[in-house]
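The chain is numbered in sequence order, starting from 1.
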Amino acid sequence: MTKEELITITIDRYAELQRIKKNNGDQENKELDYSIKLAVAKLSSLGVNVEEITL
């Protein structure tokens, strides 16, 4: 897998997690929040600015 493929897959995963969080409304979900933090960390380590793709 190339770096570009890894970035694309991770961005897709991050987008999915953001949509789930948005649809959860105000309901707290610690596991979801942690998964989002991990995705942000992975994307940041790959040089992706997540601020540009955050809902």
Side-chain angles (χ1 to χ4, degrees):
M1 177 181 302
T2 67
K3 183 177 178 179
E4 289 77 19
E5 289 172 322
L6 180 59
I7 289 171
T8 300
I9 291 168
T10 309
I11 287 172
D12 290 344
R13 175 73 173 143
Y14 180 59
E16 291 169 3
L17 292 169
Q18 287 187 91
R19 285 193 294 272
I20 293 167
K21 181 155 180 81
K22 184 176 182 181
N23 286 322
N24 270 352
D26 293 335
Q27 185 174 350
E28 183 179 356
N29 185 327
K30 290 181 181 182
E31 181 63 32
L32 178 59
D33 292 340
Y34 183 69
S35 294
I36 290 171
K37 285 181 184 181
L38 286 177
V40 168
K42 289 176 185 179
L43 288 169
S44 294
S45 73
L46 293 167
V48 177
N49 182 356
V50 294
E51 292 178 11
E52 296 177 5
I53 58 172
T54 300
L55 290 176

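Going from atom CD of Glu4 over to atom CG of Leu46 covers 10.0 Å, rounded to the nearest 0.5 Å. To the nearest 0.5 angstrom, Glu16 atom CD is 11.0 Å from Gln18 atom CD. Atom-to-atom distance recorded for Arg13:CZ and Ile11:CD1 is 14.5 Å, nearest 0.5 angstrom.
With a 4.5 Å cut-off on side-chain heavy atoms, Ile53 and Leu43 count as touching.
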Tell me which donor-acceptor pairs under 3.5 Å the side chains of residues 31-42 have, and how far apart each pair is, sequence neighbours excluded?
residue, atom, partner, partner atom, Å
Asp33, OD1, Lys21, NZ, 2.6
Ser35, OG, Glu31, O, 3.1

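Asn49 pairs by the side-chain contact (heavy atoms from CB on, under 4.5 Å) definition with Glu51, Glu52, not counting sequence neighbours. In this view, Thr54 and Tyr14 satisfy the side chain to side chain donor-acceptor pair (under 3.5 Å) rule, not counting sequence neighbours.
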